There are 2 protein chains.
Amino acid sequence: MKPAVRRQPDRTRQMLLECAFEEILRSGFRGASLDAILESSGVTKGALYHHFGSKTALGYAVVDEVVRPWVEDAWRPVLDADDVVDAALKLCDELQRQRTEQALEYGCPFNNLINEMSPIDEGFRTRLQHILVDWHQGIIEGIRRGQRNGSVRDDLDPEAAAAFVISSVEGAVGLAKAQQSPQFYEAAVRGLHAYLESLRPPQRRRSRK
Amino acid sequence: MKPAVRRQPDRTRQMLLECAFEEILRSGFRGASLDAILESSGVTKGALYHHFGSKTALGYAVVDEVVRPWVEDAWRPVLDADDVVDAALKLCDELQRQRTEQALEYGCPFNNLINEMSPIDEGFRTRLQHILVDWHQGIIEGIRRGQRNGSVRDDLDPEAAAAFVISSVEGAVGLAKAQQSPQFYEAAVRGLHAYLESLRPPQRRRSRK
DNA sequence: CTCTGAACATACCGCGTAGTATGTGCCGCG
DNA sequence: CGCGGCACATACTACGCGGTATGTTCAGAG
């Protein structure tokens with residue numbers, strides 16, 4: 001009657017991380033109920049405290065092993081593309097298309113955690129900071145490469161532009177939570193789209209195509 | 001021995017609102033402890049529940065009577081100025097200067113509440129939504145006026161640009177909480193500054209001065 | 001002067017929570 | 001074959017929290 005295979009510590013741990021991620025996305029970290037995580041994951045409290053020493057430790061693990069890859073997978077394609085603006089616009093359209101989902105209701109897990117936990121817990125703050133710094137640095141590198149291969153204007157401060165773009169994206173996703181219609185969010189993405197277009201060098205009509 | 005004047009219901013109520021605002025800024029709404037608010041305001045629990053039916057009612061009142069004016073006072077000057085871009089840049093520098101304060105640690109009360117409460121409480125969501133819609137509409141009007149009097153480019157989607165700017169500001173303030181240095185925040189504001197400059201019409205060198 | 005009710009003050013309650021103490025089964029090693 | 005310890009499972013505890021019940025005081029109407 002019991003599950004065919006038990007004693008799968010890796011799988012149990014992974015289940016906990018994923019279900020905790022979902023619950024934290026819905027309720028925030030402090031609002032996340034361990035009982036809810038246990039119920040959705042089908043794990044008992046004993047198992048949880050065997051794998052993680054505390055709720056905080058579980059939260060840290062979620063940041064390190066779920067949130068971080070989740071964020072990096074999002075912006076990594078931009079860095080790999082040869083035309084940064086094209087790649088960014090593509091990602092921008094992606095944001096527009098995925099808007100019907102939970103994203104508009106629950107926002108971005110990364111942004112949520114920064115807002116909730118950074119001021120009150122150093123462990124969260126430093127972890128989230130590193131994710132942000134890496135992201136920022138990645139975009140800066142992308143812009144520099146774009147400037148080198150002529151797909152981005154030369155007279156652009158890469159550090160400022162990168163921070164500005166990241167801020168606008170996270171800000172838009174955050175503010176969208178206050179709306180029940182995607183109107184504001186769509187407008188913000190349109191604004192971002194136009195801004196990204198303006199980053200192309202003026203002399204050249206198009207880089208190619 | 002007792003305070004010279006007691007029984008000042010208006011003052012008591014105001015004290016509660018202000019102290020609740022501070023506590024909510026520090027700990028979020030759910031994390032805000034009524035006991036902490038009572039201690040900092042010097043009011044007892046009986047008095048609190050005489051003025052407000054519940055913690056939620058207190059939170060709504062804080063949004064309506066503290067957060068809303070706080071937000072509107074910030075962007076109202078932009079609408080009143082004749083050159084929108086100048087006014088926006090001024091506000092932008094203001095953001096840069098006030099960065100040393102609590103702003104970087106605790107963020108924007110408005111943005112914080114949206115992120116925390118919108119997904120889980122309709123009462124908060126609708127109130128915050130109205131503040132955001134008014135803000136958005138205000139900036140749109142400002143841009144339109146700028147386009148009419150020649151201080152803003154004609155080929156600009158006011159709705160998109162307004163949402164984009166608001167998003168970037170709130171996003172920057174939110175993300176700044178993850179940093180202990182103002183580096184990222186300053187970069188984002190610099191990016192915003194450059195973007196605002198780009199909104200000026202190209203043909204005219206300067207509107208005046 | 002009296003008396004009513006607004007404006008508090010104090011003591012208490014119930015609930016959900018993170019965390020713990022202790023028990024159990026099973027796999028692998030010797 | 002025995003047995004130690006990993007991977008769980010269950011029952012319980014402590015505590016902070018929002019909320020309430022009840023008592024007290026004072027200002028003002030009549």
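Chain A is the first sequence line, chain B the second, and so forth, proteins listed ahead of strands; every chain is numbered from 1. Only a predicted model underlies this, so the values are computations on that prediction, with no experimental measurement involved.
- Relative orientation of the B/Trp70 and B/Phe21 rings is tilted, given thresholds of 30° and 60° on the angle between their planes.
- Across the protein-nucleic acid pair, B/Leu38 atom CG and C/dA11 atom C1' stand 14 Å apart, rounded to whole Å.
- The NE2 atom of B/His51 sits 9 Å away from the C1' atom of C/dA6 (whole-angstrom rounding).
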Side chain to side chain donor-acceptor pair (under 3.5 Å) evaluation trace for B/Asp35 with B/Ser33 = CA-CA 5 Å; B/Asp35 288 349; B/Ser33 161; 4.8 Å; no
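- When the nearest nucleotides of DNA chain C are assigned to B/Ala47 and A/Gly53 by heavy-atom distance, the more 5′-ward of the two goes with B/Ala47.
- Distance NZ (B/Lys55) to C1' (D/dC17): 8 Å, rounded to an integer number of Å.
- The nearest whole Å value for the distance from the CZ atom in A/Phe52 to the P atom in C/dG19 is 13 Å.
- B/Ile37 has its CD1 atom 11 Å from the C1' atom of D/dG18, to the nearest Å.
- Comparing A/His50 and A/Lys45 against DNA chain D, the residue whose closest nucleotide sits nearer the 5' end is A/His50.
- With no hydrogens or angles considered, no side-chain donor-acceptor pair links A/Lys177 and A/Asn111 at under 3.5 Å.
- Note: CZ (A/Arg11) to P (D/dA7) measures 16 Å, nearest angstrom.
- Legend: residues meeting ring-ring contact (aromatic ring centres under 6.0 Å, His included) with A/Phe164, ordered by chain and number and at least two apart, are A/Tyr195, B/Phe164, B/Tyr195.
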request  = Please lay out, stage by stage, how A/Ser27 and B/Ile120 fare under the test side chain to side chain contact (heavy atoms under 4.5 Å, CB included).
outcome  = CA-CA 8 Å; A/Ser27 312; B/Ile120 59 175; 5.9 Å; no
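- DNA chain C is contacted by no residue of residues 13-35 of chain B, taking any non-hydrogen atom closer than 4.0 Å.
- Atom P of nucleotide C/dA9 and atom CD of B/Glu39 are separated by 15 Å, given to the nearest angstrom.
- Checked for salt-bridge contact, B/Asp82 and B/Arg145 miss the test: no charged N lies under 4.0 Å from a carboxylate O.
- Rounded to an integer number of Å, the gap from CG of B/Leu48 to P of D/dT20 is 12 Å.
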